[in-house]
Amino acid sequence: MRQISYRLRGQPIIIHVVETEDDLSEFREWISHTELAGFDTETTGLDWWNVDREFRLRLAQFGTAHEAYVIPVEKGPAFADAVRWALLGLDLLVAHHATYDLHVVDACLGIPMEDLAPKVWDTRILAHLVDPRSVLERGPGLSLEDLTRHYICETTADEVKGSMRALALKYKTTKARIWRLVDIRDEDFNRYAGMDPVLAYRLLRILYRLVPALSRAQGLIGWEHRLAHVTALMERTGYLLDVEYAERCSADLAQQEEDAKARAKRYGVQNINSNPQLADAFKALGVRLTKKTPKGQLAMDDEVLTGISHPLADLVIKARKALKWRKTWFESALQSRDSQDRVRASINSLQARTARMSITGAVPAQTYPSDSGYVRHMWLAEEGHVSCSIDFGNMELRYLAAFSRDRTMLGAFRDGLDLHQITADAAGVNRKVGKMANFLTVYGGGWRALVQQAGVDEQTARKTLHAFNATYPGVGALAKRLSGEARKTGYIYTSTGRRLPVDKGRWYAAQNYFVQSGSRDVTARALLRLHRAGFGPYMRLPIHDEVVFSFPGREAPEMAREAARLMEFEVQGLLIPADAEIGERSWGSVLDRADSKH
DNA sequence: AATTGTTGCACC
DNA sequence: AAACGGTGCAACAATT
């Protein structure tokens, strides 16, 4: 056993580094006297799904406020056994972004996450309930480093961050590669590794008390942890990739991009993705560019380009689109598949300021093009299954109607009337503009935004929003109440007891936060219900107001009906309906089928 | 060489 | 009176 000491705000921390199998008895002794421990793992990378390839668990660390144990799992089965024993024996565990460590333990140590999740605290969840803002938004942030800096000690935060950078330098490698290369006996590495569970343990103590009373009273801590578990199960399941289809699309797009690039060269453009070069080229062609970006450069976006009647503009649009689609959708999926052609989304169940979930990594499903199934076709339901999508109807507008108690809006939804047409008729505009006005109000937009989006003149935009306010006076009253609350306290509370900070001078955003966050919580609770009812294995992805499933072909209609019924939610007496759409095997087929129906 | 900021674009 | 909310990713450009 080796001892490494660290000073945290003047207090000594002892990090015990287990070296031999004999050392494990002291570790076991310590664990048996411990009820709650911080937990963390160090691995060769982040791709826990590649455990049958090169992914390995290297270290496992346990810690309390002043002490930590570092176990070199990589050294042999005896060490892995000790870690398994400790994880199963401890009453409670706390980890930062526990989902990752649960995946690692599941994949590398064979303890299903279902067994550990009920006794795991996640400091990231608590931190979000206390303050969801990133450092960029002048909040405490959500990473262990940022939280350490904000709540514990700036020096320690800097050292923790700096240590892996320094190690990479020492090993003459990069920060991405250091994890697999570093010697597990390295003292700096062990100090870094040992401090993580200590910090998680301390953060739990600090953050728990800071979670707003209303959040606690309404059980948010509990159900956010259960939700994180449900989304982690979806991550573990992964999504089956149609490799052949994805490769074909990728090749097609590469060809389109090459063609466009080659033709652009004739107009003297070497790099079609460089906006300064494009600006020069267009100037040389006699095109006058006026639109500026927020930072004052010449804008070269879709709007500008479609306004230029020159072949070069079309080529830029084509090449850009082909590049983005190929890289962001298809190649990212192809590169991240495991040995069984499954791909893992990273589902952050509690991400945005409003608590909205985000999906990152190889399946950025929230941003897939929605006007056709082209991209979504690459994702397949299981063998013998079909894809199914269940989405809530008009979730945010219904939520707004329910909580504003606006009689006209509530009545429209209750009687199945066309809300967009009602707004349009009141303003004397067409349905499209009425619809835009409805959504814009949810977002807190004004007439300028309507001018931008609908392409109507200022007069019409003002008139439309005026008509909206006159038609749905309850909405304005809710907005006023919420922005007033924000102005007075800096926060609003959502109906689930979540406290959301509102930035100074952007009080108008309060209404959108209320609606967006409340709607997210409806989806969140739907996921919990689905999981409790046994739908876990069939769920693939949550996408704001939609859940994607893989259902056995024969039972699909019945299961879809049952799942939709479970998801439907009543807020303040108003139903938010859920509608199921069943396709063929690929996710894209659901979209194509829905298209052809309408 | 790696990180950070900016722009553009995909979505609800 | 007016105020467009929330994301993620890739490329380029500038900085460290």
Side-chain angles (χ1 to χ4, degrees), chain A residues 132 134 136-137 161 165 168-169 172-177 271-279 291-305 316-317 319-329 331-332 345-348 351-372 374-376 391-392 394-397 400 436-437 439-454 458 461-462 465-466 469 479 482-483 500 502-503 505-517 519-520 523 542-546:
Chain A
S134 66
L136 235 71
E137 296 172 309
K161 184 192 169 84
R165 192 200 300 261
L169 215 64
K172 294 187 171 55
T173 184
T174 63
K175 270 174 77 178
R177 275 192 278 264
N271 185 351
I272 203 165
N273 294 311
S274 167
N275 288 355
Q277 278 188 37
L278 288 174
K291 187 181 174 187
K292 296 281 182 68
T293 68
K295 296 284 166 186
Q297 298 178 47
L298 286 173
M300 200 55 68
D301 57 17
D302 210 49
E303 194 201 326
V304 172
L305 291 168
V316 174
I317 292 173
R320 253 191 207 163
K321 186 172 166 176
L323 174 72
K324 170 162 181 156
W325 284 38
R326 177 169 63 88
K327 289 292 228 183
T328 311
W329 318 132
E331 288 190 4
S332 139
S346 181
I347 305 170
N348 309 304
Q351 177 62 25
R353 179 184 302 208
T354 56
R356 259 201 183 175
M357 297 176 230
S358 80
I359 305 184
T360 63
V363 195
Q366 289 174 331
T367 59
Y368 282 157
S370 58
D371 55 351
S372 88
Y374 182 68
V375 173
R376 290 152 137 107
D391 64 344
F392 289 105
N394 283 311
M395 173 141 75
E396 295 199 336
L397 279 168
L400 182 61
M436 282 179 175
F439 282 114
L440 218 57
T441 306
V442 175
Y443 297 155
W447 63 266
R448 283 171 204 279
L450 193 58
V451 168
Q452 268 284 314
Q453 218 171 88
E458 179 181 332
R462 284 176 183 275
L465 291 187
H466 189 265
N469 290 327
L482 289 167
S483 56
L500 306 180
V502 182
D503 295 336
R506 294 174 75 235
W507 312 123
Y508 62 88
Q511 173 190 262
N512 176 257
Y513 287 2
F514 182 86
V515 172
Q516 185 180 116
S517 189
S519 299
R520 175 276 187 193
T523 303
I543 303 166
H544 300 309
D545 61 351
E546 173 189 4

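All figures in this text were calculated on a predicted structure; none of them were measured in a lab. Protein chains get the first letters and strands the later ones, always in sequence-line order, with residue 1 at the start of each.
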Side chain of [X] (C-beta onward), nearest among [options]:
X: A/P364; options: C/dC9, B/dT6, B/dG8; value: C/dC9
X: A/N512; options: C/dA10, C/dG5, B/dC11; value: C/dG5
X: A/Y508; options: B/dC9, C/dA3, B/dT7; value: C/dA3

Worksheet item: Mapping A/R448 and A/T328 to their closest nucleotides on DNA chain C, which lands nearer the 5' end?
Response: A/R448
Worksheet entry | Close side-chain approach of A/D301 to A/K291, heavy-atom, < 4.5 Å | yes
What's [X] touching, base or sugar-phosphate or nothing? Going by heavy atoms closer than 4.0 Å.
X: A/Q297; answer: sugar-phosphate
X: A/Q351; answer: sugar-phosphate
X: A/R520; answer: nothing
X: A/R376; answer: nothing
X: A/W325; answer: sugar-phosphate

Worksheet item: Can you check the A/R165 CZ to C/dT16 C1' distance for me, whole Å?
Response: 10 Å
Discussion item. Just the rounded figure in Å: distance from C1' of C/dA2 to CD of A/E458.
Written reply: 12 Å
Are any of [X]'s side-chain N or O atoms less than 4.0 Å away from OP1 or OP2 of [N]?
X: A/Y443; N: C/dG6; result: no
X: A/K175; N: B/dT3; result: yes
X: A/R356; N: B/dC12; result: no

Discussion item. Taking B/dC11 as the reference, what is the distance to C/dC4 when you measure between their C1' atoms (whole Å, please)?
Written reply: 15 Å
